[in-house]
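Report on the structure given below.
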Amino acid sequence: MDLLAGLNTQQQQAVIAGLGPVLVMAGPGSGKTRVLTQRIAYLIGKMGVRPYNILAVTFTNKAAREMENRVINLLGESARGVTLGTFHATCARILRREAEHLPFNSNFVIFDEDDQMGLVKRVISDLNLDDKQYRPLAILNSISNAKNELILPDEYPLQTYRDEVVKRVYIGYQQMLLTNNAVDFDDLLLYTAFLLDDNPAVRERYARRYEHVLVDEFQDTNLAQYVLLRRLSSHHNNIFAVGDADQSIYRWRGADYRNVLRFEQDYPDAQVILLEQNYRSTQQILDVAMAVIDPNPNRSPKRLFTERSEGLKVMLHETYDDRQEASFIVDTIASLVGRQQIKPGDVAVMYRTNAQSRLLEEAFLHARLPYKLVGAQRFYGRREVKDIIAYMRLVHNPNDEPSLLRVINVPPRGVGDKTLQVLRTQAQKISLTPGELLFQMGRDGEQFKATFPHRAMIILVGFGELLSRWITQVGELDPLKIMDRIIDETDYHAYIDDGTDEGNDRWENVMELRRLASEYQDRTLSEFLENIALVSDQDTIETSANVPTLLTLHAAKGLEYPVVFISGLNEGTLPHSRSFDDPEAMQEERRLLYVGVTRAKDRLYLVYAQNRSAFGYPDPVEPSRFLSDIPDTLLDDTSSLRTMRLSNMTSFDSKKIQWESKRPGGASVILQRYHAGAHVQHPVWGDGMVLSSRIQDDDEIVDIFFENLGMKRVAASLANLKMKG
DNA sequence: GCATCGGATTTTTTT
DNA sequence: AATCCGATGC
């Protein structure tokens, strides 16, 4: 098989690059995923490297799965066995295997952000600090940043009094994690990095094993990740990094695109390969992309080119407010679909903040068009899902206090603050964690009779018995059976499903989780929980349903769509106001727009509004500064007509103006022209049938069912409907 | 121990 | 606008 078929010269160069460090600077759409997979296939198929000796790190689990499938497609089953996963998943695996060298045991759980917040709040209150003055989230961010920079609690640098506070919280927080036999996301990287630093024998074992280390999205690595890569590749020195500094959008999470520069300094002999040919977008779209990114300073210039045709002009559109922005987007999608120019699944609508999805969702709902939303209301964030997972985590590791606190009174058992406090102090007295004490109480309640008030005793022993039964059997049961026992013995169904629609939805979510657990028949509870902790929103993006996708610009990284709408191109939104006074952050906003623009293959719409609502109140806003960096000649501005009409009436009551402009001085009676069952023709949406019609505000509002679009509501004065038959 | 109410606070982006 | 928190009352 020819593993180089269909690759251009630069891509081939990258795939067959010799030993030693290689840096591939890959522009958007330049086929970097392809280069990575073909390189893995080449190493195995042509160079005789065993899959076992290859490590490939990606940004999302989805990317890892995709890459594995592609390699197996190329080479067959013999290609299985490459270590392929996200940084976090790879580190978690190493830490479990090497737990003997670490301050926790291999049953550790991974705390999510809620768990982390709970811990930080506890530490802050234990230290008698004011959580108004020291906001837990801000402190947690500082701790996280420190960890990403490989700074341990004792070494936390002190420049202000606040640093002093952060350091104390950091110390307490880290201790508390250990008592819980838990780590947070950042710890996965931190502990692995230090493990490899402090234990030369361990480092050597991994470094010898990984003859080839490959990294995707290199521009979004943080210091901890960079150091990890160096350690893991330290024996063979074959490190292959692919990235694009212009697409670095995770600075706030510690990512540092300067790692690309650092790489060139640390490996002066590195081969550097540039991928500039774009296989995704039309030239028009690429021109806009380059105009957007060009003003950023200190870039190594890249010139993107394509052999694709010029394509359509990029559309620019201004609306009166964010509500109209949403309906413009939905209407445009409907009309493109109606004219059969695109399929609904071709479309992605992107925005800066999750909050912006609400108006879009409403607009889709109003138009009765289906869509799918990435992120925001995440499946794993649902209360009922978190409850069940917390139960399972508790069974897996009784020291997991956040999980205990979450479920000890769910369904309600009459455990409140008072009982919890007693439980905690009693546990402390005999040096147990609350979970361990409960476990003991469940096995032999008698011996604790004197320590608890009668009522609390009964409740706690009852809960302890449940817990200890599950824990003693966990060895024999797979994740699904454990889940079923929990659901059954806590009567969770009756608790969560109150018979309402929402209750039913909640129960459905539990069943969905159950379906996921059923895929772990021959795997352990530990694996199940780990995978759940490390899934990301992007992993849940599925391309099967033929409906538009709504997602943040961050979530859009690495994806492509034939039709892209970027909404909210206003000052304060994109760029976000939080980056106004930080030039580095402002540059990242620009890169974010660049990422969005370069997701588009054929059609791109840039949309902004004159007014946006924040905290419930509308305010006038400026168009995004980035728009003025795009030459007019590259844009097709479709907003002028609508803008003039609407801007003329901003200071008046809009209903009145509409009325005056439409029917100056006329009588206020109009007749209903359309009736249910009538067949009509819409200039854009085609043929449809009238479902109902009514007179409202001197206009006729008609609900029409269109074959391709479903129900639409139109105003007769604007829609230009024709009667048929 | 639990439910309800009012007020404050919030919006960046997420492995 | 929506959620979270704390205080109050049962």
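Every chain is numbered from 1 and lettered A, B, ... according to where its sequence line falls, protein lines coming before strand lines.
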- Item | Pairwise P distance, B:dT13 and C:dC4 [rounded to whole Å] | 15 Å
- Between A:Met350 (CE) and B:dT14 (C1'), how many Å, whole number? 17 Å
- Looking at the side chain of A:Arg253, which of B:dT10, B:dT15, B:dT13 is the nearest nucleotide? B:dT15
- Message: Regarding A:Asn409, tell me which of base, sugar-phosphate or nothing describes its non-hydrogen contacts under 4.0 Å with the strands shown.
- Response: sugar-phosphate
- Give the rounded distance in Å between these two atoms: CG of A:Leu592 and C1' of B:dT14. 13 Å
- Query: Quick one: is A:Asn354 getting a side-chain N or O under 4.0 Å of the B:dT14 phosphate, OP1 or OP2?
  - Reply: yes
- Of all the nucleotides listed (B:dT11, B:dT15, C:dC5), which has the minimum atom distance to the side chain of A:Thr86? B:dT15
- Whole angstrom value for the distance that separates C1' of C:dC5 from CE of A:Met117: 12 Å
- Result for side chain to side chain contact (heavy atoms under 4.5 Å, CB included) between A:Pro575 and one of A:Glu588, A:Glu589, A:Gln587 points to A:Glu589
- Item | Whole angstrom value for the distance that separates P of B:dT15 from CD1 of A:Ile532 | 15 Å
- Residue that, paired with A:Pro28, satisfies side chain to side chain contact (heavy atoms under 4.5 Å, CB included) out of A:Lys557, A:Glu560, A:Gln247: A:Gln247
- Classify the ring geometry between A:Phe108 and A:Phe104 as parallel (under 30°), tilted (30 to 60°) or perpendicular (over 60°). perpendicular
- Query: Could you state the CZ-C1' distance from A:Phe580 to B:dT11, rounded to the nearest angstrom?
  - Reply: 14 Å
- Message: Expressed as a whole number of angstroms, how long is the span from A:Leu140:CG to B:dT15:P?
- Response: 16 Å
- Query: Hey, does A:Arg135 reach any base, or is it just sugar-phosphate, or nothing, if we go heavy atoms under 4.0 Å?
  - Reply: sugar-phosphate
- Item | Spacing of A:Leu359 atom CG relative to B:dT11 atom P, expressed in whole Å | 17 Å
- Quick one: on DNA chain B, does A:Phe87 or A:Leu420 contact a more 5' nucleotide (nearest heavy atom)? A:Leu420
- Task: Would you indicate whether the side-chain heavy atoms of A:His88 and A:Gln225 approach each other to under 4.5 Å?
- Result: yes
- Task: Just compare B:dT11, C:dA1, B:dT14 and give me whichever is closest to any side-chain atom of A:Arg358.
- Result: C:dA1
- Of the candidate nucleotides B:dG1, B:dT13, C:dA1, which contains the atom at the shortest distance from the side chain of A:Arg455? B:dG1
- Is the ring centre of A:Trp252 under 5.5 Å from the base ring centre of B:dT13, and are the two planes under 30° apart, so that they stack? yes
- Query: Quick one: A:Phe615 CZ to C:dA1 P, roughly how many Å, whole number?
  - Reply: 14 Å
- Phosphate oxygens OP1/OP2 of B:dC2: is one of them under 4.0 Å from a side-chain N or O of A:Lys418? no
- Salt-bridge contact A:Lys386-A:Asp114 (side-chain N to carboxylate O under 4.0 Å): yes
- Task: With A:Arg253 as the cation and A:Phe185 as the aromatic partner, state whether NZ or CZ is under 6.0 Å from the six-membered ring centre and within 45° of the axis.
- Result: no
- Task: Look at A:Thr552 and B:dT14 and indicate whether a side-chain polar atom (N or O) is within less than 4.0 Å of OP1 or OP2.
- Result: yes
- Task: Would you mind classifying the nucleic acid contact of A:Thr419 as base, sugar-phosphate or nothing, using non-hydrogen atoms under 4.0 angstrom?
- Result: sugar-phosphate
